[in-house]
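Whatever order the structure lists them in is the order used to number ligands and atoms, beginning at 1. For this chain, numbers begin at 1 and follow the sequence in order.
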Amino acid sequence: MSNFINISEVSKSDLRKIINHAKLEKKNISKKLNKPLADKILIIILENPSLRTRISFELAMKQLGGDVIILNPKESHFGIGNESTEDTAKILSKYGNIVLMRTEKHKNFLNFSRHLKIPIINGLTNLSHPCQIMSDIMTFEELKGPIANKKIAWLGDGNNIAYSLIEASVQFNFQLSIACPKQLKPNNKIIKWAKSKKSKILITKDPKEAVKLSDCVMTDKWISMSDRVNKNKKRKLLKPYQVNKKIMNYAKKDAIFMHCLPANRGEEVTDEVMDGKQSAVWLEALNRIHVQKSIIEWCLKYI
Ligand code: CP
Ligand code: NVA
């Protein structure tokens, strides 16, 4: 059984297989669709709101011929503390073939996954967002060719997206430069892991240094769904890390801009960049569908 929880836990060759298969899925979309998952059910559990993750997984499963059940935790016994995680996971294992879960706390996600008898996919926790970064890899390669040895710059919060990006920099072998205030550096464990794998990772306070001659500039909201922080204090710290036209000029001329969305326009990114020629944000969201298909098929051993 294969779970998709973190990018560092999947082998390099399987990650490449998932990306290549997603590219193929995208090419085949206009042709007669293959429906390998005709008798399969995906159960989606979302503890926090979602637009892209929920809809792209639903579309992916339906395009593969399967079906989807969406469980709002507040409407289940489990969600209101009326049934144990263990019992809920055992029951869902009888009803479905695969689970997609978005939880606030990564440790709750892991606890749930331990009791489940079917594969589970991480649809975002406070720690990581692997499905998003897989779509970003696909998007980058669609626009700029192989990502290996390219330079990606991350500006802003060292959050869950940054965590998965760091893992991907090792697994897909690209250069990663992160600019953030020292109080908001990414998870120390994952930085150590990346360094132990001889990653090409740079962490700096200087946004210009990070962006200089990069092929892609990425950022994310300054306040994440799971953040329980002083928001104004955090915003103040992150102000110098906004992605605007001026900072984009330090990147390569043909560099792209990526953002997982939702964005807080005017905060971490200006309208000019979001809506500008270099922006790849809409393609990133579209590619989620094809990457989700590929991840589901990988978990269920169809690829
Ligand atoms: N990028 C992303 O995961 O978006 P949603 O929160 O809308 O799912
Ligand atoms: N860092 C953001 C990502 C949303 C897709 C959050 O966790 O809210």
Atom 7 (O) of ligand 2: nearest protein contact (heavy atom, Å): Asn160 ND2, 2.8 Å
For ligand 2, is there an atom lying under 4.0 Å from some heavy atom of Leu261? yes
Return yes if a side-chain donor-acceptor contact under 3.5 Å exists between Gln292 and Ser56, otherwise no. yes
Hey, could you give me the CD/CE distance between Gln278 and Met258, rounded to the nearest 0.5 Å? 12.5 Å
Should Val291 and Gln132 count as side-chain neighbours, where that means a heavy-atom distance under 4.5 Å? no
Atom 8 (O) of ligand 2 [closest protein heavy-atom partner, distance rounded to 0.1 Å]: Met225 N, 2.8 Å
Quick check: Phe78 with Phe112 (ring centres under 6.0 Å apart)? yes
Return yes when Leu124 approaches ligand 1 closer than 4.0 angstrom through a heavy atom, no otherwise. no
At what distance is the nearest protein heavy atom to atom 6 (C) of ligand 2, and which residue and atom is it? Ser224 OG, 3.3 Å
Does either side chain, that of Trp298 or that of Asp14, offer a donor lying less than 3.5 Å from an acceptor on the other one? yes
Please could you name the atoms of ligand 2 that Asp220 approaches to less than 4.0 Å, counting only its heavy atoms? 1 (N), 2 (C), 3 (C)
Could you tell me which atoms of ligand 2, counted from 1 in the order shown, lie closer than 4.0 angstrom to a heavy atom of Asn159? 1 (N)
Tyr250 atom OH: more than 12 heavy-atom contacts under 6.0 Å: no
